[in-house]
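Scroll down for the structure; my scribbles are underneath it.
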Amino acid sequence: MTSLPGLRGLAPGLVAGLGVASLAADGGGFDPTSWGWSTVALLLVVAGSLVLDARRPDPLEGLFLAALAALAGWVWLSLLWSSDFSQTVLEGERMLLYVTGPAVLLLVGRRSSVESLLAGLAIAIAATCAYALAVRTLAPGRGAYQVLSTDPHASFRLARPLGYANALAIFAAMGILLALGFALRGRSLTARALGSAGLVVLAPTLYFTYGRGAWPALVVGLVALVALERDRLEAVAGLLAFGIAPAVAVILASHVHAVTSAPGSVAAARHDGRLLAAALVALAAAAALLPLALDRVTGKIALGSSSRRVLAAALAAAGIVLVAAALVHVGGPRAASLRAYHAFNTPAPLVKSDESQRLFSLSGSNRSEYWHVAWREIKGHPWLGGGAGSYQRFWLRHRRNALPVLDAHSLYLETLAELGPIGLVLLLCALAVPLAAVRRARRNSLVSAAAGAYVAFLLHAAIDWDWEMAAVTLAALACGVAVLLAARGAESPLARASRVPAIALAGLLCTVAVGGYVGNQAAASASDALDAERLGTAASDAKRARWCQPWSPEPWRLLGEAQLQAGRVAEARTSFLRGLRKDSRDWELWLDLALSTRGQERRAALDHVAALNPLSTELRDLSGSS
């Protein structure tokens with residue numbers, strides 16, 4: 001029994017670390033099946049904590065959870081006006097995970113467990129990045145990279161295991177900020193050594209993703225970290241010292257051309273990759289010794305207040321000179337803004353020899369197009385939005401190029417387009433609560449790192465679809481929870497009268513999550529079986545999904561496609577029509593109906609496809625053959 005308090009202190013770190021690492025391993029938590037099992041697991045932890053020894057959230061923590069819950073409720077309420085009912089249900093299932101995750105950490109967490117929470121999170125991110133880096137250096141080849149047919153610029157970018165290079169990039173950037181926090185302010189020498197060594201793993205991982213948006217997000221996160229430090233000069237000095245080893249690691253990685261570009265020879269890439277891996281291991285070992293060396297050096301150096309002011313002024317002047325020189329080089333602030341604007345609106349250059357060259361491009365990779373369509377949806381639905389998850393269909397109908405985009409690549413713009421001003425206000429309120437707690441939380445030395453990682457995520461989410469990657473979003477929310485726990489005042493147990501209804505609510509939500517998981521798993525199994533041409537299995541799985549998801553046209557489409565491939569055309573036509581009764585705005589069902597019919601009925605189905613997805617390549621091919 002004496003070890004129980006210690007276990008309670010480790011609980012937040014175990015929950016955060018295992019949860020984030022498991023989702024990262026499961027494709028970053030992008031697929032609906034990931035939300036189901038993870039939500040069920042977290043809700044079971046919620047129920048257990050309510051039975052044992054849950055803490056009562058303080059007012060700011062309650063506001064955070066209330067805002068997230070209100071956002072989830074608004075997502076579900078948008079079913080009433082959504083243009084894509086099934087996708088709105090999926091968005092609601094993901095929001096359930098985003099409410100449950102922070103709730104668990106706040107219930108099991110204590111003010112004294114902030115270090116445990118952040119340590120578990122940092123270990124999860126570092127372990128994920130270590131795996132990604134090992135794949136890149138020790139097992140190079142096509143399977144080690146992100147290869148998207150929809151984006152010719154994405155080839156050979158490091159993405160595993162998350163599956164999306166930009167998501168892995170901001171994931172690694174958040175890890176860098178947390179590791180730096182432990183290197184600077186870890187309570188033990190071991191924690192500081194591990195934080196320093198972790199930087200050598202995280203920085204090359206960020207580099208190999210070739211994600212551009214994560215670098216400015218990292219810079220802003222570093223600025224936030226330094227700004228929140230009590231001794232900013234010491235923090236800047238430590239940042240410079242601890243930044244040497246990861247900087248050398250990135251330089252080494254950038255010069256191993258067999259690994260930085262599409263490998264013409266897998267053998268050469270494997271040879272050079274192993275040399276790089278050995279160099280990184282040696283660098284990490286050296287970095288682990290740096291905290292001890294710094295302790296010995298700083299113990300012999302004592303700067304007076306006047307010396308510190310002079311040094312701070314010199315650093316500030318150096319920064320100003322660098323910024324001024326950069327502006328002069330590009331022709332001044334106005335010229336720099338114009339060049340950046342025009343570069344952002346041009347397509348990214350297709351670099352065939354060395355993918356790392358994309359880091360020096362300011363192209364927005366068609367984001368201006370994505371945002372243009374999102375703004376059209378905002379103007380078309382100014383008050384309530386098009387409904388959660390509606391952007392994809394709106395894009396297909398109004399896009400000016402044939403890119404099959406799922407999201408607007410901006411959390412805030414997409415939220416306004418799909419959920420209207422109310423949804424955006426609820427989102428901003430939820431995300432702002434941890435920032436409001438920062439001032440009171442600064443008494444904990446690791447809060448600056450947690451807040452820096454959280455700010456980096458908030459910035460990056462404005463230009464990418466991080467919100468759809470559950471591993472990344474939950475890691476950011478866990479950083480926000482760490483800030484809230486550090487700001488917590490007097491701690492008291494949750495009243496017993498509140499526990500029974502809370503357990504009942506957890507049970508109800510667990511039932512919803514289980515139902516969602518079973519239905520999503522059945523649909524995913526049917527799709528996989530269909531791709532493998534196991535038509536009997538696909539049909540049976542589709543029927544099971546149809547029972548679990550009676551509102552969705554997707555099981556009917558999968559069943560119809562299995563029947564069509566099996567030559568049962570009349571049955572397939574019936575299945576497609578049944579699906580269209582569920583949702584007449586599903587362009588894929590209209591396309592399938594066209595494949596299973598002839599004459600006037602086929603022409604009418606193709607007309608619907610043309611209205612819902614006018615740039616469809618399938619429509620062009622089918623129209624040309626008819």
Side-chain angles (χ1 to χ4, degrees), residues 21 24-25 119 122-141 143-146 156-162 165 168-184 186 190-211 214-215 218 222 238-263 265-294 354-356 359:
I123 290 171
I125 296 175
T128 302
C129 291
Y131 167 79
L133 194 59
V135 169
R136 185 58 172 257
T137 56
L138 301 179
Y145 313 104
Q146 171 181 334
F156 308 110
R157 298 175 58 192
L158 188 61
R160 290 176 62 183
L162 271 66
L168 182 59
I170 188 59
F171 200 58
M174 293 166 62
I176 287 172
L177 290 160
L178 294 176
L180 182 60
F182 276 98
L184 288 171
T190 300
R192 295 176 62 207
L194 290 175
S196 180
L199 292 170
V200 178
V201 174
L202 294 160
T205 302
L206 172 57
Y207 169 77
F208 279 128
T209 66
Y210 306 134
W215 288 100
L218 174 60
L222 289 171
L239 191 156
L240 293 175
F242 288 114
I244 294 174
V248 172
V250 170
I251 292 171
L252 289 175
S254 67
H255 283 77
V256 183
H257 298 295
V259 179
T260 59
S261 59
S265 168
V266 174
R270 184 177 294 115
H271 175 267
D272 290 357
R274 288 175 178 174
L275 290 178
L276 176 60
L280 293 179
V281 169
L283 268 175
L289 298 175
L290 184 58
L292 178 61
L294 287 177
D354 190 348
E355 288 289 332
S356 64
L359 288 171

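- The side-chain heavy atoms of Phe182 and Leu194, taken from C-beta on, include no pair separated by under 4.5 Å.
- Judged purely by atom type and a 3.5 angstrom limit, Ser196 has no side-chain atom pairing as donor or acceptor with the backbone of Leu290.
- The minimum heavy-atom distance linking Leu138 with Arg270 is given by the pair O-CG, 4.1 Å.
- Closest heavy-atom contact between Pro204 and Leu199: CD-O, 4.2 Å.
- Closest non-hydrogen pair, Arg192 versus Leu184, comes out as NE-O, 4.2 Å.
- Minimum heavy-atom separation, Ala165 to Ala159: N-CB, 3.6 Å.
- Atom CG of Leu133 and atom CG of Leu206 lie 11.5 Å apart (nearest 0.5 Å).
- Separating the CG atom in Leu202 from the CG atom in Leu180 is a distance of 10.5 Å, to the nearest 0.5 Å.
- In this structure, the side chains of Arg274 and Thr137 stay at 4.5 Å or more apart for every pair of heavy atoms.
- Going from atom CG of Leu168 over to atom CG of Leu162 covers 5.5 Å, rounded to the nearest 0.5 Å.
- One distance of note links CH2 of Trp215 with OH of Tyr210; it measures 11.5 Å at 0.5 Å rounding.
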- Go through Thr128 and Phe171 one step at a time and tell me if the side-chain contact (heavy atoms from CB on, under 4.5 Å) criterion holds. CA-CA 9 Å; Thr128 302; Phe171 200 58; 3.8 Å; yes
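- Looking at heavy atoms from C-beta onward, Tyr207 lies in side-chain contact with Leu359 at the 4.5 angstrom threshold.
- Here Thr205 contributes atom OG1 and Ile125 contributes atom CD1; the two are 11.5 Å apart, rounded to the nearest 0.5 Å.
- Here the closest heavy-atom approach between residue Phe208 and residue Arg136 is recorded as O-NH1, 3.8 Å.
- Nearest heavy atom pair, residue Ala288 against residue Ala197, reads CB-CB, 4.2 Å.
- For Arg157 (side chain) and Thr209 (main-chain N/O), a donor-acceptor pair under 3.5 Å exists by modelled atom type.
- When side chains are defined from C-beta on, Leu218 counts as touching Ile176, because their heavy atoms get closer than 4.5 Å.
- Separating the CG atom in Leu280 from the CG atom in Leu275 is a distance of 11.0 Å, to the nearest 0.5 Å.
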- Output, in order, the C-alpha distance, side-chain angles, deciding distance and verdict of side-chain contact (heavy atoms from CB on, under 4.5 Å) for Leu252 and Leu276. CA-CA 7 Å; Leu252 289 175; Leu276 176 60; 4.1 Å; yes
